[in-house]
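Chain letters run A, B, ... following the sequence lines, proteins first and then strands; every chain starts at 1.
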Amino acid sequence: MPALNLYDTATRSVSQFTPIKPGEVSIYVCGATVQASPHIGHVRSGINFDILRRWLIKSGYQVTFIRNVTDIDDKILDKASHEDVPWWVLTMKYEREFSAAYAGLNVMPPTYEPRATGHITQMIELMQILIDNGSAYAPGNGDVYLEVRKLKRYLTLSGQRIDDLLTAADLDAATSQKRDPRDFALWKAAKPGEPSWPTPWGAGRPGWHLECSAMAHAYLGERFDIHGGGLDLIFPHHENEIAQSEAAGFGFAQRWMHNAWVTQSGEKMSKSLGNSLLVEKILQRVRPIELRWYLGCAHYRSMLEYSEQALDESAIAFRRIEGFLKRAAELLGKTPEALISDAFAVAMNDDLAVPAGLATIAENLRLGNQGITDADLAAISKNASQIRGALEILGCDPFDSNFAGSTSDDLTQLMDGVIKLSLAERAAARDRKDFAASDAIRDGLAALGITIEDTAQGPRWSITEKS
RNA sequence: GGUCGGGUGGCCGAGAGGCGAGGCAAGGGACUGCAAAUCCCUCUACACGGGUUCAAAUCCCGUCCCGACCUCCA
C-alpha cells in the first residue's frame, strides 16, 4: 500500500506524511466560535477532518485530535449585550447546538475539546514568554501586542508581504498604542461591563489568536503534526498563531490543512445566506447520514456548491448503496464486515481523494449487485465488505449504531411476520394469475410506506425512504 | 492595490502532458404478468485566443469571467 500523501497549505503541494513520533499523529483543528447555530459549512469542516482522522486511525496511527471552542470574542459579547443575557448563557447554548450537530452527523468527539476561557492561565504564561523575550509589548493600557516586524518569519502561510497588507481603515493612529498598525492584539484591555481576567499587564480578555497557540501547546506540546481549519483562517488567524508560537520558541505545526467552502450561487455562505442552510433545517429534508454523505463526497479542498437538487440526488445515490448493503446483509444472514479495498486505499492515500474513492464504491456496487443476481455469495460478501469499509471511513456506515433507527429488532420481527402473511396472500393471487388482487396487496402495503420487490430469492420488503 | 484559488458534458464531480474517473439524468436493450430492484450498451467535455510538444483539459503567454483573504468567519 502506498504511503499517505497530504497537501500542505504552507508549501502549496502534496507531500508524503511523516509524523513526528512514529505511529502517533497529533492534530489541532480550529473549531467554531459559538455565537450562532451551526450551518452546513461549519459541519463540513468537522466532517472533512473527521474523515482524515478516521483514515489515520485505519492506517494504524494513534491519533490525538484537538478541536477547540472559542467561547469569548467580540461578536459573542456584542450579541450577548443585544440579547441582554450573560455571555456564558449564549456560548453554552450554541456550544450544545454544535455538539449535537457533530454527534448527529457521526463526527467523532475530539480527544479533548478545550474552551478558550478555560485556558487563560496558559495564555498568560505564553504572553509572559513573549514579553520576556522582547517579542511582545504591553503599552500600559491593558492591551498586549505582538510586534510583527521583529519576527524572523511572518506571513509564510499566506505568501503575502507585510507592506502590502491593507491596515484596518478604522484604526485611529492618534489613539493607537501599537508600534505598527500591523501588530495584533494578544490581549485586550477590559472594557466596562465585559468579562475580564487579571494579568500582570492589567485586566482584560484574550485576543482571538492567542487561545489556539496556548491550547495547542497545552495539549500537543511545542510541535505537532497537523493544524487544520477553514480556508478563511489562513490569514490572519493561522499566520498569527504561527507568529506567537514561533516567537515563543516553539516549533508548532508541521503541516497545514484547510477545507474549502460550501457555497451558494458561487459565493461563500454569508450570515444572511447561511440562515437557510442551518444543519437543523437541512435535516428536515434528508437524514443525517445522507447529509454527511453529501458533505463528505466532495474533495475537502474543493468548493461544494450547494443546491437542493444536488442534495436530493446525492441522497438518492446513497440510498442505492445502502439498499445494496441491506440486501447483502439479508442474503448473507449477517452484517458484512468492514474491509478496505486496495483501490480505496490508493485513493485515500492520495490527499484523501474521496471522489476517486467513490468510483471504487461504484465499482463494488456494480459487482455486488451482479453477485446478487448470480446468487454468488462470495462476490456479495466481498463487495459489501469493501463498500462498508469505505463508508466507515466516510462516516456513513448504515450499520453504525450512531445512525440506527428507532425501530427495535422485536418490532421489526413482528412486522416481518405480519407482512409475510400479506405476501403469502399475494403469492397465491399471482399463482392463480389474479394480478388485480396481487397488485391491490402491493399497493396497500405501499400506501403504508412499505416497498415490495420481487427478487430471484422471492419477495422482499423494506420501509420506503421518504424523498 | 497585494495574496490565493477556480472556469470540465443536460447536472454533480475527479484528473493535471499520451488509454475519454465516477455518479445522476437521457436514449436503447435484458429480466419481469406489471411494477420495483438490478445488469448491459450508447451519448454529450475541458472559458477564449495564441504558443511549446510527436502528443495539451493538463505546460507557457495573453484575454475574459467567477470566487476567497487582507475586518469577524468553517
In this structure, is the centre-to-centre distance between the rings of A:H258 and A:Y300 below 6.0 Å?
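No, ring centres 6.0 Å or more apart.
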
Let's test this: given Watson-Crick or G-U wobble pairing with both distances under 3.5 Å, identify the partner of [N].
| N | answer |
| --- | --- |
| B:rA57 | none |
| B:rC48 | B:rG62 |
| B:rU71 | none |
| B:rC24 | B:rG10 |

Within this structure, what is the [atom1]-to-[atom2] distance between [X] and [N], rounded to whole angstrom?
| X | N | atom1 | atom2 | value |
| --- | --- | --- | --- | --- |
| A:I387 | B:rU38 | CD1 | C1' | 13 Å |
| A:R182 | B:rG2 | CZ | C1' | 11 Å |
| A:L352 | B:rG15 | CG | P | 12 Å |
| A:D180 | B:rC70 | CG | P | 18 Å |
| A:L233 | B:rA68 | CG | P | 15 Å |
| A:L155 | B:rC4 | CG | C1' | 13 Å |

Sidechain N-carboxylate O distance under 4.0 Å for [X], [Y]:
| X | Y | value |
| --- | --- | --- |
| A:E322 | A:R287 | yes |
| A:D74 | A:K79 | no |
| A:K75 | A:D78 | no |

Decide yes or no, distance alone: a donor-acceptor N/O pair under 3.5 angstrom between the base of [N] and the side-chain of [X].
| X | N | value |
| --- | --- | --- |
| A:R460 | B:rA37 | no |
| A:R442 | B:rC34 | yes |
| A:R430 | B:rG33 | yes |
| A:D350 | B:rG15 | no |
| A:D454 | B:rC34 | yes |

For [X], report the nucleic acid contact type (base, sugar-phosphate, nothing); a contact means any heavy atom under 4.0 Å.
| X | value |
| --- | --- |
| A:G159 | sugar-phosphate |
| A:E305 | sugar-phosphate |
| A:R366 | sugar-phosphate |
| A:T263 | nothing |

Do A:R67 and A:Y28 form a cation-pi contact, if we require the NZ or CZ to be under 6.0 Å from the six-membered ring centre and within 45 degrees of the ring's axis?
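Because its charged atom misses either the 6.0 Å distance or the 45° angle limit, A:R67 does not stack over A:Y28.
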
Short side-chain N/O contact to B:rC70 OP1/OP2 from A:S158, under 4.0 Å
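Result: no.
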
Less than 4.0 angstrom between a side-chain N/O of A:N259 and OP1 or OP2 of B:rA74, yes or no?
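For B:rA74, OP1/OP2 do not have a side-chain N/O of A:N259 under 4.0 Å.
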
Given that A:P236 and A:L304 both sit by RNA chain B, which one's nearest nucleotide is further toward the 5' end?
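Checking each residue's closest nucleotide, the 5'-ward one belongs to A:L304.
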
With nearest nucleotide decided by heavy atoms, which residue, A:A310 or A:P355, maps closer to the 5′ end of RNA chain B?
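Result: A:A310.
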
